[in-house]
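Only this structure's heavy atoms are used, side chains among them; waters, hydrogens and symmetry mates stay out. Keep in mind that what you see is a predicted model, and the values were worked out from it rather than measured.
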Amino acid sequence: MTGLVLRLAGLLQSSGERGVFHYRDTCAFPTRSALIGMFAAAQGRSREHALDPYPHLRAPGDTTAPSHRDLTLTIRIDQPGTPYRDFHTVGGGRPREQSLHTGDGTRRKLSASTLVSHRDYLTGAVFTVAVTGPAPLIGHIAETLERPRFGLFLGRRACLPDEPLVLNPDSPDPVHELLTRTPLTRNRLPGPTDTHLPTTFVWEHPPPGTDPTTPPDRESTSEPVNLARHTRRHLPRPLWMTTEPLPTHLHAGTRPLDALITYKHGAPA
C-alpha cells in the first residue's frame, strides 16, 4: 500500500450528496464519488466504465484486479470556503411549441413554462486529500492526473482546479504527511501566541489511535455504485470527523504557492 497527496482548490467547487432536479446541493468537503469521478476522467474513462476494475494493474499472484473500492480517502479541511447559491431559470418566454417537456412527453403550460433551479457551491475552499491504496493503482492515478485525457473539475464542469493539484505522487504514508509536512493553505495567519492550528479532518475509517468501535459522526451518500448519467446510484458511507492540532509551521504564509512548490519538489516543508 502507498498513497498520494492532492490539493483541491479553486474559485468554485461543489460535491453533491442529495440534491437532484431543481436543487443541487453541495457537501462541505469533497465526496468520495466526486474524487473517483475525477480519477476516471483523468484516465479517459466514460461514465459507464468509470467504476470498472483495473486488470492490467493486477500484481503477480493476485486473483482480483484493483478497483476504486481499494482506495481510502482522508480529507484535511484547510479552508472551508463560503457557501454560494446560483439561481437558474430555463424555458421562460418561449412559445408553447418550444416550452419544456413534461414527464409524459407533452409540453408545459405557458403559465408554468419557467423551470427554476438552485445550485450550491463553495467559494475559496481548500482541501488537502490523502489517497491510500495498492501501489500500481496509486501510481496510475497520479500519472493520469498529471496528464489527464479528459478535463478535470471539482464536482461540476464550471469548477476548475487550481495548480498544483498533485502535491506528492508517491508517499509511503500520506496521512502522516497531512499531519506533519504538507503546507496548510489558510487565509488567517497564526497569531503570535498560537502553538497549534486546530484543523478538521474527515476519515473513512475510525481515526488512528481511537477505539475501532467508535460510531461514525455522520453518513454521506457518496459511495458510487453506478456513475452512468441516467442510472446513477450511490450508497451511504460512514465518516468520522476530528479536529487535529497541526503545528503552526505548516501554515503556507501569505504566498502559499511558494510553500506548495517547495513541498512538491521534495524540500523540507
Side-chain angles (χ1 to χ4, degrees), residues 1-17 20 24 26-27 29-60 62-75 119 121-122 125-171 174 204 220-235 237 260-261 264-265:
M1 303 294 283
T2 185
L4 70 154
V5 179
L6 306 176
R7 179 176 179 268
L8 306 182
L11 180 62
L12 295 172
Q13 49 188 300
S14 181
S15 296
E17 283 188 294
V20 294
R24 306 292 180 91
T26 183
C27 185
F29 44 83
T31 61
R32 181 176 177 86
S33 178
L35 284 162
I36 290 172
M38 183 170 69
F39 300 161
Q43 297 156 19
R45 291 184 163 205
S46 66
R47 291 178 179 270
E48 291 74 18
H49 297 285
L51 304 180
D52 290 352
Y54 299 80
H56 64 292
L57 299 177
R58 182 187 293 128
D62 285 354
T63 57
T64 58
S67 76
H68 69 281
R69 294 183 179 86
D70 297 314
L71 300 174
T72 300
L73 309 176
T74 304
I75 300 171
R119 301 175 188 181
Y121 300 85
L122 296 175
V126 182
F127 307 97
T128 308
V129 183
V131 186
T132 307
L137 180 54
I138 290 294
H140 182 60
I141 291 172
E143 180 182 358
T144 53
L145 285 175
E146 295 278 25
R147 298 174 178 83
R149 294 189 60 187
F150 295 161
L152 305 181
F153 47 90
L154 303 177
R156 297 202 183 116
R157 293 186 185 278
C159 305
L160 302 180
D162 285 349
E163 290 287 350
L165 173 63
V166 179
L167 292 181
N168 188 338
D170 183 17
S171 170
E204 292 191 329
S220 173
T221 309
S222 62
E223 180 64 51
V225 177
N226 190 329
L227 292 179
R229 189 177 301 277
H230 299 297
T231 54
R232 193 175 304 170
R233 182 168 168 253
H234 296 79
L235 292 176
R237 187 176 183 93
L260 292 167
I261 294 301
K264 180 178 174 67
H265 291 286

Q. Is the backbone of Glu223 close enough, under 3.5 Å, to the side chain of Ser33 for a donor and an acceptor to pair up by distance?
A. no
(Q) Looking at Arg24 and Ser14, would you say the former's side chain and the latter's main chain have a donor-acceptor pair under 3.5 Å? (A) no
Q: Write down the atom of Gly133, the atom of Leu71, and the distance for their closest heavy-atom approach.
A: CA-CD2, 4.2 Å
Q) To the nearest 0.5 Å, what is the distance between CG (Leu137) and NE2 (His68)? A) 10.5 Å
Q) If you look at every heavy atom in Arg45 and Ala50, which pair is closest and at what distance? A) NH1-O, 3.4 Å
**Q.** Heavy-atom closest pair, residues Ala65 and Asp70
**A.** O-OD2, 4.4 Å
Q) Gly37 and Leu227: which non-hydrogen atoms are nearest, and at how many Å? A) CA-CD1, 4.4 Å
Let me have the donor-acceptor pairs involving side chains of residues 139-155, under 3.5 Å, with sequence neighbours excluded, atom names and distances please.
| unit_1 | atom_1 | unit_2 | atom_2 | d |
| --- | --- | --- | --- | --- |
| Thr144 | OG1 | His140 | O | 2.9 |
| Thr144 | OG1 | Ile141 | O | 3.1 |
| Glu146 | OE2 | Lys264 | NZ | 3.3 |

Q: Before giving the answer on side-chain contact (heavy atoms from CB on, under 4.5 Å), spell out for Thr128 and Val5 the whole-Å C-alpha distance, their side-chain angles and the decisive distance to 0.1 Å.
A: CA-CA 7 Å; Thr128 308; Val5 179; 3.7 Å; yes
**Q.** Sidechain-backbone polar pair: Thr221 side chain, Leu235 backbone, donor-acceptor under 3.5 Å
**A.** no
Q. Just how far is it from atom CG of Leu73 to atom CD of Glu204, taken to the nearest 0.5 Å?
A. 4.0 Å
Q) Is there a side-chain contact (heavy atoms from CB on, under 4.5 Å) between Leu6 and Phe39 once you walk through the steps? A) CA-CA 12 Å; Leu6 306 176; Phe39 300 161; 3.8 Å; yes
Q) Please walk me through it: do Thr63 and Arg58 pass side-chain contact (heavy atoms from CB on, under 4.5 Å)? A) CA-CA 8 Å; Thr63 57; Arg58 182 187 293 128; over 6 Å; no
Q. For Ser220, does its backbone N or O pair with a side-chain atom of Glu17 as donor and acceptor, under 3.5 Å?
A. no
Q: Run the numbers on Leu51 and Ile36 for side-chain contact (heavy atoms from CB on, under 4.5 Å), then give the verdict.
A: CA-CA 8 Å; Leu51 304 180; Ile36 290 172; 3.8 Å; yes
Q.
Within this structure, what is the CZ-CZ distance for the pair Arg47 and Arg232, rounded to the nearest 0.5 Å?
A. 5.0 Å
Q) Do you know the tightest heavy-atom contact between Leu12 and Cys159? A) O-CB, 3.1 Å
Q. Would a 4.5 Å heavy-atom cut-off, applied to side chains only, mark Thr132 and Pro174 as touching?
A. yes
Q. Is the closest side-chain heavy-atom distance between Leu167 and Leu260 below 4.5 Å?
A. yes
Q: Would you check if Leu122 and Phe127 make a side-chain contact, meaning some heavy-atom pair closer than 4.5 Å?
A: yes
Q. Is the shortest heavy-atom distance from the side chain of Thr64 to the side chain of Pro53 under 4.5 Å?
A. no
**Q.** Nearest heavy atoms of Met38 and Leu8, plus distance in Å
**A.** CE-CD2, 3.9 Å
